[in-house]
J.: 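Sharing a structure here in structure tokens format.
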Amino acid sequence: MITKFSRRTAMSILFAAGVVAGAAAPSYAADKIVLRLATSGSESDIRSISMLEGFAPLVEDFADYKPSYNGTIFAQNTELDAISRGNLEMSIASAQELTQFFPEFSVFAAGYVHQDAAHQVAVFNAPLMDQYKEMAEEQLGIKLLEVFYLGNRHVNLRQSKDELTVTTPADLAGVNLRMPGTDSWQFLGASLGASPTPLAFAEVYTGLSTGAVDGQDNPLPTTVDKKFYEVTKQVVLTSHLVDLNYVVIGKAVWDGLTPEQQDAVQEGLKAAAAINMEKQIEQETSLVSFLESEGLDVYEPDLTAFRAHVQQQYVGSEFAQAWPEGILEQINAVGN
Ligand code: KDO
């Protein structure tokens, strides 16, 4: 069983709540539309900063943009459900969260599929994405408006390189690797050769410092923002997932905006995505020497071995069986 909520279960809950039919309406405060965005990222996370710099100014005439950080108003992986029910306006969602509702999305959560930031954007804007956007909109009441580059995910371990040097997936055998808590994340951890353990993002620092987990995976900017380097000794540059988030909004909220307001929202997100991408890429490069200066070993394993092993795990998996016919080939062909 792949999904935590099957699509049918999710839809019956949402239809029973009268939400997918469009019952939710945007709320207004001081005659501005309130746009609350929930993220488990921190206030200093690049995505959060980019939203304030790029998005907020473009919507300030008509909207009160209210971000909330660190999973405080909605816990990680519950935001989409909240939007569907009309309890939240916006979130920064992962493909893995969408996979809980639509197994087809797991192709964007699979290792070594997206090639880089530019490929991610091209895929998001390609016709192949239409069926995904429609699925989310029609069946969950969520609009995928923009894609945010989160960076290359790498394996970050408590053990020193002397204790454990990771060259191939076999070296991760028995390593208790924290992965976010959905099935598709856990599968990715297992496909790396590790023993995945689900843990909410907010618990990762403590999990690493107490030894409840041996490691975690995240892009370097996230690893530094959350200070995971303080409680780990090495980063293995596996680049196993060129990670993304979708910036999403409730369809009912969107439908309540005028065409001009919709344009401003879309333009604001485009500006935020561009700022975000530039900063993430810059930090992915510059943070290697920062981590080294903090005493961590940062090195590349045998990437060919990792790529081959991960891809082999997906072939014929329950996840891959849910992918639309030919989608991988279409994704690979984008931008070529
Ligand atoms: C994480 O939990 O490791 C992760 O990086 C997963 C991402 O999809 C994203 O949800 C992110 O957390 C949060 O936004 C916090 O940065």
Side-chain angles (χ1 to χ4, degrees), residues 4 37-51 67-83 88 90-101 105-106 108-111 113-114 117 120 124 142 144 146-157 176-189 192 194 196-208 212-229 231-232 235 238-248 272-273 276 279-280 283-284 287:
K4 197 161 81 183
L37 175 139
T39 171
S40 46
S42 72
E43 192 167 354
S44 52
D45 183 290
I46 295 172
R47 291 160 298 171
S48 307
I49 293 169
S50 306
M51 283 296 286
S68 73
Y69 306 110
N70 302 310
T72 41
I73 61 167
F74 290 99
Q76 187 174 31
N77 296 329
T78 65
E79 301 95 334
L80 292 177
D81 192 47
I83 296 176
L88 176 68
M90 298 177 75
S91 81
I92 296 180
S94 64
Q96 291 82 352
E97 286 169 67
L98 279 148
T99 298
Q100 295 180 106
F101 298 95
F105 268 92
S106 67
F108 304 116
V113 168
H114 278 126
Q120 248 178 22
F124 183 76
I142 304 265
L144 273 54
E146 191 51 83
V147 66
F148 268 18
Y149 174 68
L150 189 55
N152 281 278
R153 291 182 86 97
H154 305 299
V155 171
N156 171 213
L157 300 175
N176 187 1
L177 184 68
R178 176 273 169 179
M179 300 292 292
T182 69
D183 291 349
S184 54
W185 279 115
Q186 297 294 302
F187 189 84
L188 178 61
L192 289 166
T197 303
L199 199 62
F201 188 64
E203 314 292 328
V204 177
Y205 187 95
T206 309
L208 289 168
V213 290
D214 296 324
Q216 63 93 28
D217 86 307
N218 255 300
L220 298 186
T222 308
T223 292
V224 171
D225 180 56
K226 295 303 288 185
K227 300 196 173 359
F228 297 148
Y229 62 86
V231 284
T232 55
V235 176
T238 43
S239 299
H240 52 272
L241 182 71
V242 181
D243 205 4
L244 60 72
N245 289 129
Y246 302 114
V247 187
V248 305
N276 170 73
K279 288 185 199 278
Q280 300 278 18
Q283 287 200 14
E284 283 191 283
L287 289 177

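Start at 1 and go down the list; that is how both ligands and their atoms are numbered.
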J.: How are the rings of Phe105 and Tyr246 set relative to one another: parallel (under 30°), tilted (30 to 60°) or perpendicular (over 60°)?
T.: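 Perpendicular.
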J.: Which option out of Gln216, Gln96, Arg178 puts a heavy atom nearest to atom 1 (C) of ligand 1?
T.: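 Looking at heavy atoms only, the winner is Arg178.
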J.: What heavy-atom pair brings Val147 and Ala273 nearest, and what distance separates the two atoms?
T.: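 Nearest heavy atoms, Val147 then Ala273: O-CB, 3.6 Å.
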J.: Less than 4.0 Å is my threshold; does some heavy atom of Ile92 fall inside it relative to ligand 1?
T.: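 False for this residue.
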J.: Counting heavy atoms only, which of Lys226, Glu97, Gln76 comes nearest to atom 2 (O) of ligand 1?
T.: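 Heavy atom nearest to atom 2 (O) of ligand 1 belongs to Gln76.
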J.: Is there a polar contact between ligand 1 and Arg47, counting only N or O atoms under 3.5 Å apart?
T.: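 Yes, since at least one N or O of Arg47 sits under 3.5 Å from an N or O of ligand 1.
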J.: Nearest heavy-atom pair of Asn152 and Glu284: which atoms, and what distance?
T.: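 Minimum heavy-atom contact is N-OE2, 2.8 Å.
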J.: Which residue holds the protein heavy atom closest to atom 5 (O) of ligand 1, what is that atom called, and what is the gap in Å?
T.: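 Here the nearest protein heavy atom works out to Asn218 OD1, 2.7 Å.
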J.: Kindly identify the option in Ser94, Ser91, Pro180, Gly41 whose heavy atom sits closest to atom 8 (O) of ligand 1.
T.: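 Of the listed residues, Ser94 has the closest heavy atom.
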J.: Heavy atom under 4.0 Å from ligand 1: found in Val204's side chain, backbone, both, or neither?
T.: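 Looking at Val204 and ligand 1, no heavy atom falls under 4.0 Å.
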J.: If you measure every N or O of Trp185 against every N or O of ligand 1, does any of those distances drop under 3.5 Å?
T.: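 No.
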J.: May I have the step-by-step check of side chain to side chain contact (heavy atoms under 4.5 Å, CB included) for Asn245 and Val247, ending in yes or no?
T.: CA-CA 6 Å; Asn245 289 129; Val247 187; over 6 Å; no
J.: What heavy-atom pair brings Asp214 and Leu208 nearest, and what distance separates the two atoms?
T.: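 Minimum heavy-atom separation between Asp214 and Leu208: C-CD2, 4.3 Å.
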J.: So which heavy atom in the protein is nearest atom 13 (C) of ligand 1, and how far is it from that ligand atom?
T.: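 Protein heavy atom with the smallest distance to atom 13 (C) of ligand 1: Ser40 OG, 3.2 Å.
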J.: Heavy atoms only: give me the nearest Asp225-Ser44 pair and the separation to one decimal.
T.: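 Result for this residue pair: OD1-OG, 2.6 Å.
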J.: Answer yes if the side chains of Ser94 and Glu97 hold a donor-acceptor pair under 3.5 Å, and no otherwise.
T.: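 Ser94 vs Glu97: donor-acceptor pair found between side chains.
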